[in-house]
Amino acid sequence: MPSSRTGRPPVQRAPRRPSGARSPRDNPVRRFHLRARKAWDRPLTAYYLILGGSLLITVLGLVMVYSASQITALQLSLPGSYFFRKQFLAAVIGGVLMLVASRMPVKLHRALAYPILAGAVFLMALVQVPGIGVSVNGNQNWISVGGPFQLQPSEFGKLALVLWGADLIARKQDKRLLTQWKHMLVPLVPVAFMLLGLIMLGGDMGTAIILTAILFGLLWLAGAPTRLFAGVLAVAATIGVILIKTSPNRMARLACIGATDPGPGDHCWQAVHGIYALASGGLFGSGLGASVEKWGQLPEAHTDFIFAITGEELGLAGTLSVLALFAALGYAGIRVAGRTEDPFVRYAAGGVTTWITAQAVINIGAVLGLLPIAGVPLPLFSYGGSALLPTMFAIGLLIAFARDEPAARAALAMRQPRFGRKRAAVRGSAGTAGPRRWNTMRRRAGTARSSGER
């Protein structure tokens, strides 16, 4: 090797890259992908998705309830904002419940499982007492609580099954009893079938389907064997077929799947006009408040078919936004259930996610004509305080579980008020006082979090 004038060997230089070639980091698409992936993997991502997604769905639902219910209220000789005011009051109460649930420790959630189950069973049995239960649209699943307010106890049965089932399976897992099929099924399946029987006494097939989905979600999370899972599914499917075959109303709803014409006797009127509303919305809709179908053409425009009014007034952009919010909420719930080490948190988070996702799929599928009309509201979106209150409490559960992750706790411990940091910096520079105690906690939290994320 030839030497330089100084006697030292020449420095080996890296070969020069062609001017047209770029490193992967210079690619804007890959750079955006890396940044998005880094933000997606942060400890507080699930927390923000659950909190932000649920609040956005609730606020957008309030706007659409006000728009879709005005004509119905005026037809009933009520003020145009009648249904909106009731929904807004329920949203305020639900927000308080969500805040309380998000701040409660996991032990308290488990302690509430049995009282909530007992209360739900008592109220669901009270519905069948003559003079107390109220029939709405042929289903006797309501209790009058005074004035214009009514309560649907079956909605609280969903929350009761999630909490009680999660606590039951978690305790059996701690005792290593889930390897035996009898402990896997008893008493979870009998209690679930008792709740289903109380619901079906009132004729509410839609809520029964949601409750069945929660039961299967809990069994799947508990690791039920395929044969056991298939056996319970076969029994539930057989009971469902019998209930559908013996009811002309349910058979008529089943026949309206994919219908494009109301048919003889207008049996498919609601399903067809839901499609009309979506089809007339176009890309960006006719404008907020400019729906035509809500003028008496589409029944239950502000409850079960509010998604159709959303498509008519906000167009494809509005409906895709709602779908994206529910997808983000479902992903965050799955992430919370998958990253925790606490069995109760895993089962409860999975049960709540199954509940909200299954109910959204059934409601939207019915509006799109892909599923029979089950009469279930869109979670957090449709009008109905009885459905909104337990759902927002369940969202508070997910928020509490997302905050309870070790990495999320460490990230939240670092987030202190800015004025506290400024005052600490001033006092430290003046030499009048040492660092505050939360600075020590911050250093301790910094060692616990992974990959340097906030």
Side-chain angles (χ1 to χ4, degrees), residues 46 97 100-124 156-198 210-233 235-236 333-358 390-391 393-406 408-409:
L97 291 177
V100 171
S102 65
R103 295 294 180 176
M104 289 168 54
V106 175
K107 292 183 179 180
L108 186 54
H109 286 303
R110 299 187 69 167
L112 289 176
Y114 282 87
I116 292 178
L117 177 64
V121 171
F122 174 75
L123 292 176
M124 291 167 68
F156 294 88
K158 304 172 187 176
L159 178 63
L161 181 60
V162 168
L163 283 177
W164 177 80
D167 178 68
L168 175 69
I169 299 175
R171 285 189 289 107
K172 290 194 173 186
Q173 179 176 332
D174 292 339
K175 297 179 180 179
R176 299 182 180 179
L177 297 175
L178 293 180
T179 55
Q180 305 177 29
W181 67 269
K182 59 180 181 180
H183 286 287
M184 180 75 71
L185 297 181
V186 180
L188 177 63
V189 175
V191 171
F193 277 22
M194 178 189 66
L195 295 175
L196 289 172
L198 291 173
I210 305 301
L211 214 67
T212 305
I214 295 174
L215 172 62
F216 286 127
L218 291 174
L219 289 176
W220 183 77
L221 290 170
T226 305
R227 292 178 296 178
L228 188 63
F229 198 84
V232 178
L233 181 61
V235 173
I334 295 174
R335 174 170 169 163
V336 171
R339 292 195 174 190
T340 183
E341 298 294 335
D342 190 337
F344 171 78
V345 173
R346 182 184 306 113
Y347 299 134
V352 171
T353 305
T354 303
W355 162 15
I356 296 177
T357 305
T391 306
F393 187 88
I395 294 295
L397 285 177
L398 290 180
I399 294 175
F401 298 156
R403 291 169 55 94
D404 197 53
E405 293 182 8
R409 286 201 307 266

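- Distance check, rounded to the nearest 0.5 Å: CG of D404 to CD of E341 gives 12.0 Å.
- For the pair K158 and L211, the minimum side-chain heavy-atom distance is below 4.5 Å.
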Checking side chain to side chain contact (heavy atoms under 4.5 Å, CB included) for the pair Y114/D167: CA distance, chi angles, key distance, verdict? CA-CA 9 Å; Y114 282 87; D167 178 68; 3.6 Å; yes

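- Scanning both residues, A166 and A348, for their nearest heavy atoms gives CB-N, 3.5 Å.
- Remark: R103 CZ to I399 CD1 distance equals 9.5 Å, nearest 0.5 Å.
- The line from CH2 of W164 to CD1 of I169 is 8.5 Å long, rounded to the nearest 0.5 Å.
- The nearest pair of heavy atoms linking A101 to A400 is O-CB, 3.6 Å.
- Partner of L196 under the side chain to side chain contact (heavy atoms under 4.5 Å, CB included) criterion, out of V191, T212, L161: T212 alone.
- A pairwise comparison of heavy atoms in G350 and L221 identifies CA-CD1, 3.5 Å as the closest pair.
- When all heavy atoms of A224 and M184 are compared, the closest pair comes out as CA-CE, 3.8 Å.
- By the 4.5 Å heavy-atom criterion applied to side chains, W220 and T354 are not counted as neighbours.
- Residues satisfying the ring-ring contact (aromatic ring centres under 6.0 Å, His included) criterion with F393, sequence neighbours excluded, are absent altogether.
- Separating the CZ atom in R110 from the CE atom in M104 is a distance of 13.0 Å, to the nearest 0.5 Å.
- Note that the CG atom of L168 and the CG atom of L163 stand 12.5 Å from one another [nearest 0.5 Å].
- The NE2 atom of H109 lies 7.5 Å from the CZ atom of F344; values are rounded to the nearest 0.5 Å.
- Looking at every heavy atom in both residues, V336 comes nearest to A402 through CG2-CB, 3.9 Å.
- By the 4.5 Å heavy-atom criterion applied to side chains, W355 and V162 are counted as neighbours.
- Here the shortest heavy-atom pairing between L178 and A222 reads CD1-O, 4.2 Å.
- Of the listed residues (I214, L117, L215), just one forms a side chain to side chain contact (heavy atoms under 4.5 Å, CB included) with L195, and that residue is L117.
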